[in-house]
Amino acid sequence: MMPAGWLLKSEPDTFSIDSLMAAPQKTTLWDGVRNYMARNNLLAMQKGERAFFYHSSCPVPGIVGEMVVMSKAIPDPAQFDPASPYFDAKSTPEKPRWFAPKMKFVKKYPAVFTREQMAHTSLGNSQLFTHTRLSVIALSAAEVGAIDQWLGALACR
DNA sequence: GCCAACGTTGGC
DNA sequence: GCCAACGTTGGC
């Protein structure tokens, strides 16, 4: 089962879609993920796949825009840096634990597809709601379809 | 700021 | 290898 897309959470206070737009080449390494289920999802991402930028822990949580997987995950450099908050003493360059794909900005949506709105679509059954603490989520075709449908409705207003 | 959910750690 | 304690996430 190949996912039709991915949902990546980030706290806008730490890294927002505006941060991504301002980044060199509008590109970033999606680093700092320290959860094995999320890690496995990061490793499954393939170049060219769609990914949705979700703002969490903020006044209006929801999807704020879209990215594309620019290149497959590489070992997350932060895990080897003792000065980094993402340092992992148990990880070595020979046997890295944590990985990070490179993501590229595609677009910022003219509105937020809020978590509240998402709950009323097929996304209501997605892992965003069933696995509340998972920060990298695989989306089915139906779930991506719900996002596209919301986008389409926006465009027609 | 609270607190529920839940992944991780560490003692045994 | 169990499980209690602990820490973190993230919505509200």
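We name chains A, B, ... by the order of the sequence lines, and we start the count at 1 in each one. Quantities reported herein were computed from a predicted structural model and do not represent experimental measurements.
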Subject >> Any residue of residues 123-135 of chain A with a heavy atom less than 4.0 Å from an atom of DNA chain B >> reply: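 Hits under 4.0 Å, by residue number: A/T130, A/R133.
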Nearest-angstrom distance from the residue atom [atom1] of [X] to [atom2] of [N]:
X	N	atom1	atom2	result
A/I63	C/dG11	CD1	P	12 Å
A/M118	C/dG10	CE	P	13 Å
A/I137	B/dC6	CD1	C1'	14 Å
A/F15	C/dT9	CZ	C1'	20 Å
A/Y36	B/dT9	OH	C1'	12 Å
A/M37	B/dA5	CE	P	16 Å
A/E11	C/dG11	CD	C1'	12 Å
A/R34	C/dG10	CZ	C1'	19 Å

Subject >> Below 4.0 Å: OP1/OP2 of C/dT9 and any side-chain N or O of A/Y54 >> reply: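 No, because none of the side-chain N or O atoms of A/Y54 sits under 4.0 Å from OP1 or OP2 of C/dT9.
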Original post:
Would A/V33 and A/M103 show up in the same hydrophobic cluster when neighbours are defined by side-chain heavy atoms closer than 4.5 Å?
Top reply: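 Yes, because A/V33 and A/M103 connect within a single hydrophobic cluster, where side-chain heavy atoms sit under 4.5 Å apart.
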Subject >> Hydrophobic cluster identity match, A/L20 and A/Y54, side-chain contacts under 4.5 Å >> reply: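 No, no single cluster joins them.
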Original post:
Does the ring of A/F129 carry A/R115 above it, NZ/CZ under 6.0 angstrom from centre and within 45° of its axis?
Top reply: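 Yes, a cation-pi geometry holds between A/R115 and A/F129.
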Original post:
Of the nucleotides C/dG10, B/dG7, C/dG11, which one has an atom closest to the side chain of A/K9?
Top reply: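 My answer, after comparing the listed nucleotides, is C/dG10.
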**OP:** Could you tell me whether the side chain of A/T121 and the main chain of A/A146 form a donor-acceptor pair under 3.5 Å?
**Re:**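 It does not hold such a pair.
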**OP:** Run the ring-centre check on A/Y109 versus A/W150 and record whether the distance is less than 6.0 Å.
**Re:**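 Ring centres of A/W150 and A/Y109 closer than 6.0 Å.
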Original post:
Which pairs count as salt bridge (Lys or Arg N to Asp or Glu O under 4.0 Å) when at least one residue sits in residues 2-31 of chain A, sequence neighbours excluded?
Top reply: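 The answer is A/D18-A/K108.
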